[in-house]
Amino acid sequence: MIVNRTVLTLDEFTIRQLRNFPQATGELSNLLRDIGLAAKCVNDEVNKAGLVVILGETGSINNQGEEVKKLDLFANDQLIGVLRHCISCAGIASEELEDFLSFDDVVSRNSKYICLFDPLNGSANIDTNISIGTIFSVYRRVSEKGKACILEDFLQTGIHQIAAGYIIYGSSTMLVYATRLGVNGFTLDPSIGEFTLSHPDITCPDSGKIYTVNHGNFLQFSEEVKKYIESCQQQSFSERYVGSMVADLHRNIIKGGIFLYPATIDKPEGKLRLLYECNPFAFIMEVAGGRATNGSQRILDIRPTALHERTPFFAGSKNMMDTLESLLLPS
Ligand code: AHG
Ligand code: MN
């Protein structure tokens, strides 16, 4: 097979971007490469998910007498395993772990970044072959290099993200990530096992005709949110919701649209997690030209107080967000 050198791999792309920063050490490229590596392993396992009928239900014992791990725990272990040995990551926090993890070896303690992730987002969709994803977020640690990570490293406001991204395990597998320089998407080419640049400089259209919300919760929304949804209906916008945030937001970033997960009577704090889901998507959305708020405040300005805190979340095309805010915020 002849390798097509006109394709730009994730690795090559991040290293080329380093040239914009002569003082850069390459640690971020290294971290992104390792996240890509873990994603390939998760992808492999996700692709086998349909075979659980043959291989055994997740959570059960397979015919070799080993436990078949639930996919979300597998993804979590994979990311931890890779990042623990990555020279750029001092510690992680994950939606699947109660507390953050500080990697306790000399190399990791001297790393400058920490990483937060939702290992398998939308995992309730696995059984029915609907796209799921991994979400990640990278910050420069605030604690002293050489020492163990501290909680404050993980409770930074979203505006301090150095990079954020997601992997979508869909009809193809893609890794999309944002830095302040832009948002770029890479599709996994299974024939060479590499993420290759397929969606350079992604921007979210200023307006769209898609609104994305769990309609089953409609009666539990505030009057203002209901009014906004009705305004979408009056304009015959399409409602699209699969219940995997990664898939729902990926579509809306590319096509233009708005995603709403408001507070409900049952969940007055909202459902989505600020650190693992909302901050990374707010960062990606803003770099792509869109916006993200909790209804009254920009997501990226919220000061987190706990690792697993939740927030109402609205994100999408700039003009649609303006219309939403004109209803939510008293003038
Ligand atoms: P997770 O699978 O990581 O727990 O998250 C699921 C989230 C998100 O992906 C999705 O947008 C939302 O939950 C769906 O919630 P509803 O079923 O309440 O609509
Ligand atoms: Mn989640």
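Keep in mind the model is a prediction, meaning the values are calculated, not measured. One-based numbering, in listed order, for ligands and for the atoms of each.
Contacts between Asp118 and ligand 1 below 4.0 angstrom, taking non-hydrogen atoms only, involve the side chain exclusively. Counting heavy atoms closer than 4.0 Å to ligand 1, residue Leu272 contributes side-chain atoms (C-beta onward) but none from N, CA, C or O.
Side-chain contact check for Asp189 and Thr196: no donor-acceptor pair (N or O, by modelled atom type) lies under 3.5 Å. A donor atom on one side chain and an acceptor atom on the other are not found under 3.5 Å apart for Thr264 and Asn217.
When each of Arg310, Glu309, Arg303 is paired with Leu274, the side chain to side chain contact (heavy atoms under 4.5 Å, CB included) condition holds for Glu309 and for no other.
The ligand atoms of ligand 1 that sit less than 4.0 angstrom from a heavy atom of Ser123 are 2 (O). Listed by atom number, the atoms of ligand 1 under 4.0 Å from Asn121 heavy atoms are 2 (O), 3 (O), 5 (O), 8 (C), 9 (O). Atoms of ligand 1 found under 4.0 Å from any heavy atom of Asn214 (numbered from 1 in listed order, with element): 16 (P), 18 (O), 19 (O). Remark: ligand 1 atoms within the under-4.0 Å shell around heavy atoms of Glu277 are 3 (O), 5 (O). Contact atoms of ligand 1 toward Met245: 8 (C), 9 (O), 10 (C), 11 (O) (distance under 4.0 Å to a heavy atom of the residue).
Using a non-hydrogen distance threshold of 4.0 Å, Asp72 does not register as a contact of ligand 1. Within the 4.0 Å heavy-atom cutoff, Tyr241 counts among the residues contacting ligand 1.
A salt bridge between Asp248 and Arg240 is absent, with no side-chain N of the basic residue lying under 4.0 Å from a carboxylate O of the acidic one.
With sequence neighbours left out, the side chain to side chain donor-acceptor pair (under 3.5 Å) criterion links Ser94 to Asn76. Listed by chain and residue number, His308 satisfy the ring pair (Phe, Tyr, Trp, His ring centres under 6.0 Å) test with Tyr276 (two or more places apart in sequence, or in another chain).
Of the polar atoms of Gly122, at least one N or O is found under 3.5 Å from an N or O of ligand 1, judged by distance alone.
Atom CD of Glu98 has 12 or fewer heavy atoms from other residues, nucleotides or ligands within 6.0 Å.
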Test log, rule side chain to side chain donor-acceptor pair (under 3.5 Å), inputs Thr173 and Asn43: CA-CA 7 Å; Thr173 298; Asn43 180 57; 2.7 Å; yes
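For the residues Arg273, His215, Lys271, the heavy atom positioned nearest atom 15 (O) of ligand 1 is part of Lys271.
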